[in-house]
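In what follows, a single structure is set out as structure tokens and then discussed.
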Amino acid sequence: MPELPEVEVTRLSFASRIEGAQVTGVRLGKPLRWPLGCPPEALVDRRVGAVTRRGKYLWLPLGAGGLLMHLGMSGSLAFGDTMAAPGPHDHFDLVTGRGTLRLTDPRRFGAVVWSPSPDAGLVATLLGRLGVEPFDAAFDGAHLHAALRRRKVAVKQALLGGAIVVGAGNIYACEALFEAGIDPRTRSDRISRPRAERLAQAVRSTLGRAVELGGSTLRDFRDAHGTAGAFQIQAKVYGRAGEPCRRCDGTVRRIVQGGRATFFCPACQRR
DNA sequence: AAGTGGACCTGCTAGC
DNA sequence: TGCTAGCAGGTCCACT
């Protein structure tokens with residue numbers, strides 16, 4: 001469900017409220033992508049530190065170690081002191097003195113993994129393959145250009161992969177390419193330096209704007225307050241196959257790349 | 001090494 | 001109205 005903006009908005013909505021709280025209990029539902037990695041009781045009495053984000057992952061420090069959380073395709077987090085009885089899709093509750101953090105995830109592609117350190121084991125492996133943060137100074141046209149030059153896959157797939165830059169999922173990758181005027185089928189190594197510059201800028205502005213607007217193009221997105229996403233961000237191409245382009249008089253097209261839907265305007269976006 | 005396709009799991013929608 | 005096929009925001013892993 002969530003791409004970087006949704007994950008970041010979620011983080012901002014509960015991080016300051018949970019920080020400093022002490023864990024009093026843990027409840028597990030059905031299995032997620034990976035096992036928790038420790039007995040649930042081992043989390044009790046630990047104190048929650050400052051929640052951070054890396055790509056689409058959240059890191060929740062608990063004493064010396066912490067929990068790595070991912071929302072997968074359909075996950076969301078809620079934090080509150082009056083939690084309803086867990087439903088069939090509520091697979092993780094972290095009960096603290098200040099409220100309960102609950103992961104709801106129907107498809108269970110999400111994850112909650114304990115690690116004694118973000119630099120150890122599975123967590124280190126997962127975080128280790130991630131590309132740069134889009135808002136990091138290290139992510140600019142030069143960086144993107146150099147990384148794309150080493151790849152032959154279509155630029156859309158290179159963006160989605162997350163090994164170059166993290167955070168742009170299927171929706172925002174489509175939107176950023178539209179904003180940059182680049183055909184998603186263009187081979188990565190054929191993207192010129194100026195176009196890489198424009199694309200880097202488009203990735204940053206697309207994701208940044210989505211974070212600022214607190215939300216999302218996702219219909220069912222809610223932050224951890226349960227605040228319904230206002231659906232403030234209008235997708236220019238995503239999900240609009242057959243509809244008129246918002247910039248020219250062309251028609252938005254849907255193709256499949258690497259098994260995922262891609263939406264673009266063939267008139268506005270060039271190879 | 002890089003690219004490709006299948007896998008994970010459930011819910012919703014469109015179409016018959 | 002009810003069933004089925006197809007699709008969905010992610011990303012790991014095995015294989016070529």
Side-chain angles (χ1 to χ4, degrees), chain A residues 1-10 29-35 37 53-58 68-77 87-92 103-113 121-131 146-177 184-190 203 206-207 210-211 213 215-223 228-229 231-242 254-263:
Chain A
M1 149 195 289
E3 302 186 26
L4 182 148
E6 291 73 35
V7 175
E8 178 64 5
V9 167
T10 299
K30 290 188 195 166
L32 294 162
R33 190 192 247 276
W34 290 288
R53 179 192 55 74
R54 177 77 175 94
K56 297 168 193 168
Y57 290 96
L58 292 178
L68 190 75
M69 311 184 87
H70 196 287
L71 304 182
M73 286 277 258
S74 57
S76 61
L77 285 171
H89 302 310
D90 299 328
H91 304 303
F92 180 81
L103 175 70
T104 304
D105 184 6
R107 291 177 75 178
R108 291 190 282 127
F109 292 168
V112 180
V113 178
L122 173 62
V123 166
T125 306
L126 296 173
L127 295 178
R129 18 189 188 235
L130 299 183
L148 289 176
R149 252 187 344 200
R150 286 178 236 120
R151 305 289 306 275
K152 294 184 186 193
V153 282
V155 62
K156 155 83 182 323
Q157 289 169 264
L159 274 188
L160 257 191
I164 297 177
V165 58
V166 293
N170 208 29
I171 296 180
Y172 295 107
C174 290
E175 296 297 309
L177 284 162
R185 298 166 294 184
T186 312
R187 263 177 58 154
S188 297
D189 60 358
R190 305 260 171 84
V203 167
T206 305
L207 295 177
V211 173
L213 294 182
S216 160
T217 55
L218 309 184
R219 287 156 210 290
D220 52 3
F221 175 67
R222 282 161 188 275
D223 67 18
F231 200 47
Q232 292 123 324
I233 304 176
Q234 280 245 313
K236 298 223 174 63
V237 286
Y238 188 85
R240 299 193 62 246
R254 179 189 189 275
I255 60 174
V256 173
Q257 295 182 286
R260 317 281 315 271
T262 296
F263 299 86

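F109(A) is linked by a ring pair (Phe, Tyr, Trp, His ring centres under 6.0 Å) to nothing, counting only residues two or more places apart in sequence or in another chain. For the ring pair (Phe, Tyr, Trp, His ring centres under 6.0 Å) test, no residue two or more places apart in sequence or in another chain qualifies with F92(A). Partners of R187(A) by side-chain hydrogen bond (donor to acceptor under 3.5 Å, both in side chains), not counting sequence neighbours, listed by chain and number: D189(A). For R185(A), the salt bridge (Lys or Arg N to Asp or Glu O under 4.0 Å) partners at least two apart in sequence or on another chain are D183(A). Under the salt bridge (Lys or Arg N to Asp or Glu O under 4.0 Å) criterion, R254(A) pairs with no residue, sequence neighbours left out. Every residue two or more places apart in sequence or in another chain that forms a salt bridge (Lys or Arg N to Asp or Glu O under 4.0 Å) with R54(A) is listed here: E133(A). Residues forming a side chain to side chain contact (heavy atoms under 4.5 Å, CB included) with H89(A) (at least two apart in sequence, or on another chain): H91(A), T104(A), P106(A).
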- request: Can you run through DNA chain B from 5' to 3' and write each base as (, ), [, ], | or . depending on how it pairs? Watson-Crick or G-U wobble, both distances under 3.5 Å.
  value: .|||||||.|||||||

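The side-chain ring of F109(A) is stacked on the base of dC8(B), judged by centre separation under 5.5 angstrom and plane angle under 30 degrees.
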Name every donor-acceptor pair, under 3.5 Å, that has one atom in a side chain of residues 151-170 of chain A and the other anywhere in the protein, sequence neighbours excluded.
{"residue": "K156(A)", "atom": "NZ", "partner": "N170(A)", "partner atom": "OD1", "Å": "2.8"}
{"residue": "K156(A)", "atom": "NZ", "partner": "A261(A)", "partner atom": "O", "Å": "3.4"}
{"residue": "K156(A)", "atom": "NZ", "partner": "T262(A)", "partner atom": "OG1", "Å": "2.7"}
{"residue": "N170(A)", "atom": "ND2", "partner": "A261(A)", "partner atom": "O", "Å": "3.0"}

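Interface remark: the R33(A) side chain does form a donor-acceptor pair with the dT11(C) base, using a distance-only criterion of under 3.5 Å.
Among dT11(C), dA8(C), dT10(B), the nucleotide with an atom closest to any side-chain atom of R260(A) is dT11(C). Here dC12(C) is the nucleotide among dC12(C), dG10(C), dC9(B) with the atom lying nearest to any side-chain atom of W34(A).
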Mind listing the N/O atom pairs, protein and nucleotides 11-16 of chain B, below 3.5 Å?
{"residue": "dG11(B)", "atom": "OP1", "partner": "H89(A)", "partner atom": "NE2", "Å": "2.8"}

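Near DNA chain B, defined here as any heavy-atom distance below 4.0 Å, the residues from residues 146-161 of chain A are R151(A), K152(A), V153(A), listed numerically. Listed by residue number, the members of residues 122-130 of chain A with any heavy atom below 4.0 angstrom from DNA chain C are L126(A), R129(A).
Across all strands, G259(A) comes closer than 4.0 Å to no nucleic acid atom at all (heavy-atom distances).
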